[in-house]
Amino acid sequence: MRTTFSFGIALLLLSTACQKDDIVEAVTGERPACGTDGARVSATIDGSDWCADALVHAVMEDSSAMVSAVNLNSSSLSFSIDRTEVGTTPIVGDANGVIYLEGGVTYIVPEGVVGQLQITTCNVTAGRLSGTLDVELHSVVGDQQRNVHIAFEVTASAEPG
């Protein structure tokens, strides 16, 4: 009985002291992938990992798409894809626009800054889309900036028509 009680206390302490991903990493030696199949948006923002672990929503219509992602720390990323064709296209202002919200500060692609969107897979029929974005974002107010690399693999719903 005492052994079961001690084991229960140890398990309780472990579960409250660690995040779910920390436990998986401790057991397997690997960090779990961000999100689930068809709902993955992860980023590196100024060298720090960011994961959309609260919500991922993607909508695709004809040859364009919109992806919104939120993490549990209440920051969010949204980006538009003007042409859902495999290949590389520039991110300039509103063309393939990116918005990052963190702590009440809004970051966008300012005039004169060019980023890069790389679409690696696109299946319009299945709504599958994956790729990466690399861009420097600037705060709308003030002069803060964020260097952002985004990786995404989403299944988009069709735009209601």
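From a predicted model like this one, the values you see are computed outputs, not experimental measurements.
Clustering ILVMFWY residues whenever any of their side-chain heavy atoms sit less than 4.5 angstrom apart, transitively, puts Val141 in a cluster other than the one holding Leu137.
Inspection of the Ser130 and Thr121 side chains reveals an N or O donor paired with an N or O acceptor under 3.5 Å.
When all heavy atoms are compared, the tightest approach of Ser75 to Trp50 is OG-NE1, 2.6 Å. Between Leu72 and Ala54 the shortest heavy-atom distance is CD2-CB, 3.8 Å. Heavy-atom minimum distance, His149 versus Asp134: ND1-OD1, 2.6 Å. Nearest heavy-atom pair, Ala69 versus Ala52, reported as atom, atom and distance to 0.1 Å: CB-CB, 3.5 Å. Taking every heavy atom of both residues into account, Gly35 and Arg40 meet most closely at O-NH1, 3.0 Å. Across every non-hydrogen atom of Ser139 and Val105, the tightest pair is CB-CG1, 3.7 Å.
Note that SG of Cys122 and CG of Leu129 are 5.5 Å apart. Values are rounded to the nearest 0.5 Å. Ser42 contributes atom OG, which lies 11.5 Å from atom CG of Asn71 (distance to the nearest 0.5 angstrom). The line from CD1 of Ile99 to OG of Ser80 is 8.0 Å long, rounded to the nearest 0.5 Å. Rounded to the nearest 0.5 angstrom, Glu136 CD and Ile91 CD1 are separated by 12.0 Å. Distance check, rounded to the nearest 0.5 Å: CD1 of Ile45 to CD of Glu102 gives 6.5 Å. Between Leu133 atom CG and Thr89 atom OG1 the span is 8.5 Å, to the nearest 0.5 Å.
Legend: salt bridge (charged side-chain N to carboxylate O under 4.0 Å, His left out) pairs involving residues 67-84, not counting sequence neighbours, sorted by first then second residue: Arg83-Glu85.
Within the 4.5 Å cutoff, the side chain of Val67 has no heavy atoms near those of the Leu77 side chain. Contact check for Val98 versus Val148: no side-chain heavy atoms found under the 4.5 Å cut-off.
Residue Asp94 places its CG atom among 12 or fewer non-hydrogen atoms of other residues, nucleotides or ligands, all under 6.0 Å distant.
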Which pairs would a plain distance check flag for residues 107-119, meaning a side-chain donor or acceptor within less than 3.5 Å of a matching protein atom at least two apart in sequence or in another chain?
| residue | atom | partner | partner atom | Å |
| --- | --- | --- | --- | --- |
| Tyr107 | OH | Gln144 | OE1 | 2.8 |
| Tyr107 | OH | Arg146 | NH2 | 3.1 |
| Gln118 | OE1 | Thr88 | OG1 | 2.4 |

Test side chain to side chain contact (heavy atoms under 4.5 Å, CB included) applied to Ser78 and Met66, step by step: CA-CA 7 Å; Ser78 293; Met66 180 70 186; 3.8 Å; yes
Does the side chain to side chain contact (heavy atoms under 4.5 Å, CB included) test come out yes or no for Val124 and Thr84, once each step is laid out? CA-CA 8 Å; Val124 176; Thr84 54; 4.3 Å; yes
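For the side chain to side chain contact (heavy atoms under 4.5 Å, CB included) criterion with Phe152, the lone passing option out of Ile81, Thr120, Thr132, Val56 is Ile81.
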